[in-house]
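In what follows, a single structure is set out as structure tokens and then discussed.
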Amino acid sequence: MGRPVGVTILAILDFIGAAFCLLGGIGMILGGGFIATMMSQQGGQGSAGAAGFFAGLGAVAGVFIIIMGGVGALVGFGLWKLKGWARIVSIVLAGIGGAFQLLGLLGTLAHFNLFAVVWSLFWIAVDALIIWYLLKPEVKAAFQSPQIRAASA
């Protein structure tokens with residue numbers, strides 16, 4: 001049994017997301033330093049402290065985003081190689097993403113914005129679709145080791 005097309009698509013999307021996280025993390029690190037430099041050149045009272053804060057914030061956020069990109073690349077590689085742990089991690093991450101989207105939807109409904117409601121519903125549907133797809137029996141079977149597949153056939 002080969003790799004299902006949907007799993008291939010999810011793995012490629014994980015790789016693309018990891019590349020964007022790497023670029024975004026580097027941009028945050030450089031951007032925080034750039035903002036700090038601009039603030040320190042302006043002078044004024046408290047500018048040194050604020051500059052240090054923005055430089056540190058950019059570095060911390062950038063490193064966090066790079067780490068998340070590494071996790072995405074690792075999960076993508078696991079999906080590509082049909083590793084069972086990658087399937088489980090993908091299901092968990094989609095569930096967490098859907099939960100956060102639901103919270104965002106509640107916040108959006110408090111200050112109604114039609115575009116934001118549609119956007120949140122779209123991503124909730126995407127997360128639900130990913131979970132549904134990865135729980136399908138034929139997809140689950142693709143992630144089993146060859147010995148287990150042969151024994152169950």
Side-chain angles (χ1 to χ4, degrees), residues 1-36 50-153:
M1 172 182 260
R3 183 182 331 106
V5 174
V7 173
T8 302
I9 292 169
L10 289 174
I12 290 170
L13 289 174
D14 278 340
F15 293 139
I16 292 170
F20 277 115
C21 283
L22 177 65
L23 293 174
I26 292 170
M28 288 291 290
I29 293 170
L30 296 177
F34 178 74
I35 290 172
F53 173 76
F54 279 107
L57 181 66
V60 169
V63 169
F64 178 76
I65 292 171
I66 290 171
I67 290 170
M68 290 297 103
V71 169
L74 189 63
V75 171
F77 181 75
L79 287 174
W80 190 265
K81 294 291 186 179
L82 295 176
K83 302 293 183 184
W85 60 264
R87 180 181 150 273
I88 300 299
V89 169
S90 294
I91 291 169
V92 169
L93 290 177
I96 291 170
F100 278 118
Q101 283 297 330
L102 280 172
L103 288 174
L105 181 62
L106 292 175
T108 300
L109 291 174
H111 305 284
F112 188 75
N113 178 346
L114 182 62
F115 176 76
V117 169
V118 171
W119 186 253
S120 291
L121 290 173
F122 170 76
W123 283 110
I124 290 169
V126 167
D127 288 329
L129 185 64
I130 289 171
I131 293 169
W132 169 78
Y133 178 74
L134 290 174
L135 290 175
K136 288 175 63 175
E138 59 270 18
V139 174
K140 187 176 180 179
F143 282 90
Q144 293 177 345
S145 66
Q147 295 85 12
I148 295 174
R149 281 195 301 251
S152 65

Using the side-chain contact (heavy atoms from CB on, under 4.5 Å) rule, take L129 and Y133 through it: C-alpha gap first, then chi angles, then the decisive distance, then the call. CA-CA 6 Å; L129 185 64; Y133 178 74; 5.5 Å; no
Heavy-atom closest pair, residues [X] and [Y]:
{"X": "S120", "Y": "G104", "value": "OG-C, 4.3 Å"}
{"X": "T108", "Y": "A116", "value": "CG2-CB, 3.3 Å"}
{"X": "A142", "Y": "G2", "value": "CB-O, 4.3 Å"}
{"X": "C21", "Y": "G69", "value": "CB-CA, 3.5 Å"}
{"X": "V117", "Y": "F112", "value": "CG2-CE1, 3.8 Å"}
{"X": "V75", "Y": "S90", "value": "CG1-OG, 3.3 Å"}

Nearest 0.5 Å, please: how far is [atom2] in [Y] from [atom1] in [X]?
{"X": "I29", "Y": "L57", "atom1": "CD1", "atom2": "CG", "value": "11.5 Å"}
{"X": "L109", "Y": "H111", "atom1": "CG", "atom2": "NE2", "value": "11.0 Å"}
{"X": "L93", "Y": "I88", "atom1": "CG", "atom2": "CD1", "value": "11.5 Å"}
{"X": "I124", "Y": "L102", "atom1": "CD1", "atom2": "CG", "value": "4.0 Å"}
{"X": "L23", "Y": "F20", "atom1": "CG", "atom2": "CZ", "value": "7.5 Å"}
{"X": "I130", "Y": "L135", "atom1": "CD1", "atom2": "CG", "value": "11.5 Å"}

Contacts of [X] that satisfy side-chain contact (heavy atoms from CB on, under 4.5 Å) - sequence neighbours left out:
{"X": "A61", "answer": "M28"}
{"X": "W123", "answer": "Q101, W119, V126"}
{"X": "K140", "answer": "R87"}
{"X": "V118", "answer": "L114"}

For K83, which residues count as a side-chain hydrogen bond (donor to acceptor under 3.5 Å, both in side chains) partner, sequence neighbours excluded? none
All N/O donor-acceptor pairs, side-chain side in residues 6-17, below 3.5 Å, sequence neighbours left out:
from, atom 1, to, atom 2, distance (Å)
T8, OG1, R3, NH1, 3.3
T8, OG1, P4, O, 3.3

Can you check whether F64 reaches V60 side chain to side chain, under 4.5 Å on heavy atoms?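 The answer is no, as the side chains (C-beta and beyond) never meet within the 4.5 Å cut-off.
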Among pairs that include at least one residue of residues 125-136, which meet salt bridge (Lys or Arg N to Asp or Glu O under 4.0 Å), considering only residues two or more places apart or in two chains? K136-E138
